[in-house]
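The structure appears right after this line, and notes come after that.
In this chain, numbering begins with 1 at the start of the sequence shown. These figures come from a predicted structure and were not determined experimentally. Only heavy atoms go into these numbers, but all of them, side chains included; no hydrogens, no water, no symmetry mates.
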Amino acid sequence: VQLQASGGGLVQPGGSLRLSCSASGFPLDYYNIGWFRQAPGKWREGISCISRIDDGQTFYADSVKGRFTISRDKSKNAVYLQLNSLKPEDTAVYYCAADLRYACGTAYFSYQLEYRGQGTLVTVSS
């Protein structure tokens, strides 16, 4: 069972990226999926999550609300995080996590989640 985040890169301020969270070994449909990020010298920040496919509730941290969008693609067994209007302070390693037990919401990010993938680096710089 593996979870993998991908899609990071170097982008100019104001630019966009789409991050993917994909899984091998299990379907993501009934997992609650969260995106975290960690910048150098900073605490890990939970930025977005989406509940299992029959719920679909989403959550965004204030720091990304209105700029980032989380979504699912059942056919590709993936969850995406669309990053728009990127700022230098969005520079961080982004990674995804999956858990069957905890629904998406503020508290989701405080739990020890079942699966966490390796991260992908997003660098916002001119």
With the side chain counted from C-beta on, respond yes when W35 and I50 share a heavy-atom pair under 4.5 Å apart, and no when they do not.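 When only atoms from C-beta onward are counted, I50 and W35 do not touch, as no gap falls below 4.5 Å.
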Is any side-chain heavy atom of I53 closer than 4.5 Å to one of Y31? no
Same apolar cluster (I L V M F W Y, side chains within < 4.5 Å links), [X]/[Y]:
X    : Y    : value
Y60  : V122 : yes
F26  : V79  : yes
Y115 : L19  : yes
I33  : V64  : yes
L10  : L86  : no

Specify the closest pair of heavy atoms between Q82 and N84, including all atoms of both residues, with the distance to one decimal.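 In terms of heavy atoms, the two residues are closest at NE2-OD1, 2.9 Å.
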At their closest point, which heavy atom of S126 faces which heavy atom of P13, and how far apart are they?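 The answer is N-CD, 3.7 Å.
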Drop me the distance from [X]'s [atom1] to [Y]'s [atom2], to the nearest 0.5 angstrom.
X    : Y   : atom1 : atom2 : answer
L17  : Y80 : CG    : OH    : 14.5 Å
S24  : Q4  : OG    : CD    : 9.0 Å
I70  : C96 : CD1   : SG    : 9.0 Å
K76  : L28 : NZ    : CG    : 14.0 Å
R116 : C21 : CZ    : SG    : 12.0 Å
L83  : R37 : CG    : CZ    : 8.0 Å

Main chain of [Y], side chain of [X]: is a donor-acceptor contact present, judged purely on distance under 3.5 Å?
X    : Y    : value
T91  : V124 : yes
T120 : G8   : yes
N77  : S22  : no
S51  : G56  : no

Could you walk me through whether N32 and C49 pass side chain to side chain contact (heavy atoms under 4.5 Å, CB included), step by step? CA-CA 7 Å; N32 304 292; C49 60; over 6 Å; no
Centroid separation F59 to Y108 less than 6.0 Å: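 No.
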Only one of R72, K74, R52 forms a salt bridge (Lys or Arg N to Asp or Glu O under 4.0 Å) with D29, so which one is it?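 The option that passes is K74.
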When E45, K87, E89 are each screened for side-chain hydrogen bond (donor to acceptor under 3.5 Å, both in side chains) with S63, the one that passes is E45
Decide yes or no on side chain to side chain contact (heavy atoms under 4.5 Å, CB included) for L3 and Y95, but give the supporting numbers first. CA-CA 9 Å; L3 202 62; Y95 55 93; over 6 Å; no
Y30 and D54: CA distance, side-chain angles, deciding distance, side chain to side chain contact (heavy atoms under 4.5 Å, CB included) verdict: CA-CA 8 Å; Y30 291 100; D54 56 348; 3.9 Å; yes
Using the rule side-chain contact (heavy atoms from CB on, under 4.5 Å), only one of F36, Y94, F109 pairs with I47; which is it?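 Passing option: Y94.
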Got a sec: does the CD of Q118 have more than 12 other heavy atoms crowding it under 6.0 Å? no
